[in-house]
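Report on the structure given below.
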Number of protein chains: 2
Amino acid sequence: MKVLIIEDDPLHRSYLNEAVRAALPECDGVLEAENGNAGEKLARDCKSAHVVMDLQMSPRNGIEAARTIWKERPETRILFWSNYSDEAYVRGVSRIVPVGAVYGYVLKSASDDRLKLALRSIFIESQCVIDREVRGMQQKSLGNMNGFTEAEYEILIDIALGLTDRAIAQRRNLSVRSVQNRLQQLYVKLGVYQPPGGQGDDGGFNLRARAVAVALLRKLLNHSALERAEADLAVWLARQTSP
Amino acid sequence: MKVLIIEDDPLHRSYLNEAVRAALPECDGVLEAENGNAGEKLARDCKSAHVVMDLQMSPRNGIEAARTIWKERPETRILFWSNYSDEAYVRGVSRIVPVGAVYGYVLKSASDDRLKLALRSIFIESQCVIDREVRGMQQKSLGNMNGFTEAEYEILIDIALGLTDRAIAQRRNLSVRSVQNRLQQLYVKLGVYQPPGGQGDDGGFNLRARAVAVALLRKLLNHSALERAEADLAVWLARQTSP
DNA sequence: ATCTTTTCTGCGGGATCCCGCAAGGTCTCG
DNA sequence: CGAGACCTTGCGGGATCCCGCAGAAAAGAT
């Protein structure tokens, strides 16, 4: 059994290496990569390695790397080890995990023991391990009370990219009016809605732009989510202009 | 001479501690804090310490902490030690450094020796040290060719916060039309402008929202810059409603 | 199958945005 | 002092956005 470490920070990388050797004495090899690209390549070469990786690397962040690794070998076990539990990350991960896959998500702020325990649980006992804080995020995100539908999230991304209503309608196969409906819905859920009853133009907000702002502040969106979305948009645009 | 370390990651903190002791054997004390708040307090208590800190902590990031520290003792020497050279960070730092202050900005990806050299240069020889990459950023940012005026940056922030033209006009003491002029200017510089000659609604972009998107993608804006802006906006709003 | 609930869709209108045009301002430079 | 460059402001209009209203279609529920 081999373990592949994908992590850009040298300090964290060597710490991880040590932790893996300590927690998994039965493993016979630890590989290291310092970004998503190198990680994918290593994963391809050395078949059947378990992976522990950071999200937020450059070039090619953890989510992208995980997606291609899982696409090639869905049974790979991956432990995500990240600084943050942004909703954007949690959602991004749970969007790409294959059915029945074994994986984990622990925060870097977790204790030494927690990390080692997670390593054993996932790689030896085939058991998923999700940090409490992340789990909390996940439930808030999926249990739709105060959480966002896929449709809402989708349109949030579209306006964050700067698309017009018409463009969104085209892209998602909807009428313009439906797009606007979803927008209204989104505004309500983000608490950016100003019922005309509430006098005083106190706010003076452009709802569309404001929605993006609060989504960013609440970490519903972050840089890498935007990058991913921008890339998707680019391929869609290409498909449009030359079908 | 004492040195204060403000850094949230334990690994990096202890690494820094070691580096400081190695590079500055003449210092007689190393203090540690794990966020901006604790850092400010320590800086207040123990007068006359040199500081080395991370940006991007929570609660209270490095820029905010540095601002209050410098407000209380402008002669404090601060070395910023960060993962990124986002324009938003560089601009944020150079906005708050007092005239004549000695400071430094080195990336975490720099070598061991570079860090130690920077420590000695700043704290012993009173010489500013800015990482090449950061310096490049700075020049691109200030040498206004392909860089942004203060006015442009300001309005970029305002639309990113979701303000309407009218609200911006009020806030910045301009007419609505002038705000729109600045917006056009911004659109051009961000490359988001669609000359009516270039037919085809190919883009289908909402310029205002698109501008924010590309600013984020280019890291002209980031989460902490937005947070800061949001806080500023809040105090301004309060001042408006109850003068 | 019928009724309810939800979603999609068109219509219409008020508010906002984007921007060309032109009439002032300020500032510099020759 | 006048010429030129730049910023500001008002006006006007076309495009877009935001949204209430109401009918049609789809999805569940009884």
Side-chain angles (χ1 to χ4, degrees), chain A residues 144-145 147-156 158-215, chain B residues 144-145 147-156 158-215:
Chain A
N144 68 5
M145 173 50 185
F148 294 77
T149 317
E150 201 57 29
E152 289 157 354
Y153 192 72
E154 212 168 49
I155 206 170
L156 170 59
D158 285 340
I159 61 172
L161 286 174
L163 295 174
T164 64
D165 292 3
R166 183 161 44 243
I168 299 175
Q170 233 168 291
R171 187 177 185 198
R172 306 298 186 189
N173 288 315
L174 291 172
S175 77
V176 174
R177 188 58 181 91
S178 294
V179 170
Q180 294 171 334
N181 275 340
R182 280 157 134 94
L183 280 176
Q184 278 180 83
Q185 222 174 310
L186 182 69
Y187 298 153
V188 172
K189 282 213 182 166
L190 286 174
V192 183
Y193 186 68
Q194 288 181 327
Q199 61 80 48
D201 67 317
D202 163 53
F205 282 125
N206 174 324
L207 294 188
R208 177 178 286 246
R210 184 63 181 165
V212 176
V214 324
Chain B
N144 70 3
M145 173 50 185
F148 294 78
T149 318
E150 201 57 29
E152 288 158 355
Y153 192 71
E154 211 168 52
I155 207 170
L156 170 60
D158 285 339
I159 62 173
L161 285 173
L163 295 174
T164 65
D165 292 4
R166 184 160 46 242
I168 300 175
Q170 232 168 293
R171 187 176 185 199
R172 307 297 186 188
N173 288 316
L174 292 172
S175 76
V176 174
R177 189 58 180 92
S178 293
V179 171
Q180 293 171 335
N181 275 340
R182 280 156 133 97
L183 280 177
Q184 277 181 84
Q185 221 174 312
L186 182 69
Y187 297 153
V188 171
K189 281 214 181 166
L190 285 174
V192 183
Y193 185 68
Q194 290 181 324
Q199 62 81 47
D201 67 316
D202 163 56
F205 283 126
N206 173 324
L207 294 188
R208 176 179 287 247
R210 185 62 182 164
V212 175
V214 324

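Keep in mind the model is a prediction, meaning the values are calculated, not measured. To find a chain, count down the sequence lines: A is the first, B the second, and so on, and within it residues start at 1.
Close to C:dC8, at under 4.0 Å from its OP1 or OP2, lies a side-chain N or O of A:R182. The phosphate of C:dT7 (OP1 or OP2) has no side-chain N or O of A:S178 nearer than 4.0 angstrom.
For the side-chain contact (heavy atoms from CB on, under 4.5 Å) with B:Q184, the qualifying choice from B:L186, B:V188, B:N181 is B:N181, the only one to do so.
A:R171 is listed as a side-chain neighbour of A:L161, based on a closest heavy-atom distance under 4.5 Å.
Every residue two or more places apart in sequence or in another chain that forms a salt bridge (Lys or Arg N to Asp or Glu O under 4.0 Å) with B:R172 is listed here: B:E154, B:D158. Considering only residues two or more places apart in sequence or on other chains, A:Q185 meets the side-chain hydrogen bond (donor to acceptor under 3.5 Å, both in side chains) condition with A:E152.
Remark: the backbone N or O of A:L163 is not paired with any side-chain donor or acceptor of B:R210 at under 3.5 angstrom.
In this structure, the CD atom of A:Q185 is 13 Å from the P atom of D:dG20, given to the nearest Å. Atom pair B:N181:CG and C:dC21:P shows a separation of 14 Å (rounding to whole Å applied). Remark: C1' of D:dC6 and CD of B:E152 are 13 Å apart, rounded to the nearest angstrom. Whole-Å rounding puts the B:L174 CG to D:dG10 C1' distance at 14 Å.
Going from atom CD1 of B:I155 over to atom CD1 of B:I168 covers 5.0 Å, rounded to the nearest 0.5 Å.
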Nucleotides 13-18 of chain C: protein proximity per nucleotide (B base, S sugar-phosphate only, - neither; heavy atom, under 4.0 Å): ---SSB
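The base of D:dG12 is not paired with the side chain of B:R177 by any donor and acceptor separated by under 3.5 Å.
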